[in-house]
Amino acid sequence: MSLLTPAQAESLIEQHLVCLPIESLPLTQAAGAVLRENIYAERDQPPFDRVAMDGIALDSTGAAENAGRLRVAGSQAAGDPPWTLPDTSSCIEIMTGAMLPRDCDAVVPVELVQRNGDIVHVRKPVQPWQNVHRRGSDCRQGSLLLAAGTRLSAPEVAIVAGAGMARVRVSAQPMIAVISTGNELVEPGENIEPHQVRRSNAYGITASLRQHGFARVADDHVRDDEAQLTERLGFHLHTHDVLILSGGVSMGRLDLVPKVLEKLGVSLVFHHIAQRPGKPMWFGVSQSGPAVFALPGNPVSTLVCLARYVLPALRAAMGQAPKDPPRVAITAPVEVKVALAYYLPVKLKTDDWGRTSAEPCPTNGSGDFTALAGTDGFIELPPGPNTFPKGFVARFFRW
Ligand code: AMP
Ligand code: MG
């Protein structure tokens, strides 16, 4: 059987995902969450003819008839109920945000008005509706403001608040278990022997998850021991929505993860993708619900597979509308020798005109994660052998 392409792997993951439950959050906690309901305008926006400048409100015809000389009949601040203009030779002192007084049709800003006691003089002709933000000119009551599937950032949270909602229905955050495997791994801060390796992947994965707004993350480490793996993975399958493992999915005698997962009732969806790095990635779904992403342990492979497959899958499980990754041009030619999709770390560069391109930052193989310092993510190049010229446009994935 030929290996899956990244696009095939991606669509298999998508087909096997279960949408996360809905929860209701107060707006102060909604930043970063994904909407699971449509948001409609509570009222017209603006809800009334809104004064857009501090100044005087008047009747434009009256101002012309009186050669711009008007009497100030009163004062109205934002939030005050509206005045009614007593007659066309009068005006009302008015503040930004106030409702336009009845029988007025224009506002002249304070800096264009000469005032002497109760008498003002407007020297320039006044156009009807100048400096008035007309009722309903932004949107109408009941119109769709935000569709389910929208991720809430600052403007969207403000829009929900503007629609009068104190709470909003969003996807619950997935409970994620990050599980590293390997006898050789030692926790940062603990003594290390020459033959041992720092347990860095779990920290990288957790950092990425937090950075992308996934906060409910537990962390565990399991030795390459069948009994321990069975016990710990069994526990995590019962307590989490998503398991992200690193290590133990290759061909070695102690790469026990696939075998243990299948024994625990996690059905294999695929093992291996035609890509470098990250070829041994394993994905399955448990009968009891959780999705299991078992990523290869080499640190570059782990982070690439996480950003390429796991983060988009988590977003989809939250109901977020899919977004095509941005495309960037490479700043130098890249040779791909293997007949596999190729992931190349890059730094994004912006030129004087704001155009973004990707500077290739090759690593010394999939173990060389120190070379990732300062990179922004990676690009996906089609299988080789091929030399992709400078300016070749590829999809970009952020760490
Ligand atoms: P594995 O996928 O378990 O065969 O591991 C491949 C390589 O990645 C080995 O050199 C491991 O030592 C290394 N590795 C596995 N897990 C981690 C981890 N959590 N942190 C750092 N390196 C790891
Ligand atoms: Mg291992």
Side-chain angles (χ1 to χ4, degrees), residues 3-4 9 176-211 214 217-233 235-236 240 242-264 266 268-284 292-311 338 340 343 345 362-373 375 378 399:
L3 287 183
L4 295 177
I176 304 173
V178 172
I179 306 151
S180 58
T181 68
N183 295 348
E184 74 279 29
L185 300 175
V186 174
E187 197 61 44
E190 287 179 11
N191 282 337
I192 192 159
E193 300 292 335
H195 53 275
Q196 295 178 317
V197 175
R198 287 292 178 199
R199 179 180 168 261
S200 58
N201 282 349
Y203 289 90
I205 295 172
T206 303
S208 166
L209 293 171
R210 289 197 187 287
Q211 189 184 316
F214 300 101
V217 183
D219 175 47
D220 197 7
H221 180 71
V222 191
R223 293 179 63 81
D224 296 313
D225 172 88
E226 193 167 334
Q228 202 188 63
L229 272 168
T230 307
E231 192 265 317
R232 297 305 302 160
L233 297 187
F235 167 77
H236 291 301
H240 291 89
V242 177
L243 271 55
I244 305 174
L245 286 88
S246 82
V249 289
S250 304
M251 307 300 279
R253 192 171 54 81
L254 290 181
D255 288 328
L256 301 165
V257 165
K259 177 180 162 189
V260 169
L261 285 171
E262 287 179 58
K263 203 172 75 184
L264 287 167
V266 183
L268 169 73
V269 176
F270 64 76
H271 191 184
H272 299 111
I273 306 170
Q275 62 182 21
R276 178 171 292 174
K279 187 172 161 199
M281 178 173 165
W282 190 102
F283 173 70
V292 182
F293 298 88
L295 313 181
N298 266 310
V300 180
S301 315
T302 310
L303 289 179
V304 162
C305 290
L306 183 75
R308 177 65 183 84
Y309 301 105
V310 185
L311 295 176
V338 288
L340 298 170
Y343 295 117
T363 66
N364 268 328
S366 56
D368 177 21
F369 65 114
T370 56
L372 302 181
T375 60
F378 55 89
W399 293 127

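Whatever order the structure lists them in is the order used to number ligands and atoms, beginning at 1.
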For [atom], which protein heavy atom lies nearest, and how many Å away is it?
atom: atom 6 (C) of ligand 1; value: Asn298 N, 3.7 Å
atom: atom 19 (N) of ligand 1; value: Asn201 CB, 3.1 Å
atom: atom 4 (O) of ligand 1; value: Asp255 OD1, 3.8 Å

Taking distance alone, with N or O pairs closer than 3.5 Å, would you say [X] contacts ligand 1?
X: Gly297; result: yes
X: Ser200; result: yes
X: Glu184; result: yes

Task: Closest approach of Pro188 to Arg198 (non-hydrogen atoms, all atoms of both residues) - done: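 Of all heavy-atom pairs spanning Pro188 and Arg198, the closest is CA-NH1, 3.8 Å.
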
- [ ] Of all the heavy-atom pairs spanning Thr181 and Gly248, show the shortest one and how long it is.
- [x]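 Scanning both residues completely, I find the closest heavy atoms to be OG1-N, 3.7 Å.
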
- [ ] For the pair Trp399 and Phe378, name the ring-plane relationship: parallel under 30°, tilted 30 to 60°, perpendicular over 60°.
- [x]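 Because their plane-to-plane angle lies in the 30° to 60° range, the rings of Trp399 and Phe378 count as tilted.
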
TODO: Name the orientation class of the two ring planes belonging to Phe283 and Phe293 (parallel below 30°, tilted from 30 to 60°, perpendicular beyond 60°).
DONE: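 Correct class here is tilted.
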
TODO: Look at ligand 1 and say whether Ser246 reaches it with a heavy atom at a distance under 4.0 Å.
DONE: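 True for this residue.
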
Task: Flag side-chain contact, heavy atom, 4.5 Å: Leu209 against Ile244 - done: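 They are in contact (side-chain heavy atoms under 4.5 Å apart), so the answer is yes.
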
Counting each atom of ligand 1 from 1 as listed, which ones have a heavy atom of [X] under 4.0 Å away?
X: Ser180; answer: 19 (N)
X: Gly248; answer: 1 (P), 2 (O), 3 (O)
X: Arg198; answer: 20 (N), 21 (C)

Task: Per-residue contact class, Thr302 against ligand 1 - non-hydrogen pairs under 4.0 Å - done: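 No part of Thr302 comes within reach of ligand 1.
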
Task: Any donor-acceptor N/O pair, His240 side chain to Val217 backbone, under 3.5 Å - done: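 A pair under 3.5 Å: no.
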
Open item on the list: Strictly distance-based, threshold 3.5 Å: is any side-chain N or O of His271 a donor or acceptor partner for the main-chain N or O of Trp282?
Closed with: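 No; zero donor-acceptor contacts below 3.5 Å.
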
Open item on the list: Pairing donors with acceptors under 3.5 angstrom, does anything connect the side chains of Thr370 and Asp368?
Closed with: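 Their side chains do contain a donor-acceptor pair, which is all the 3.5 Å distance test asks for.
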
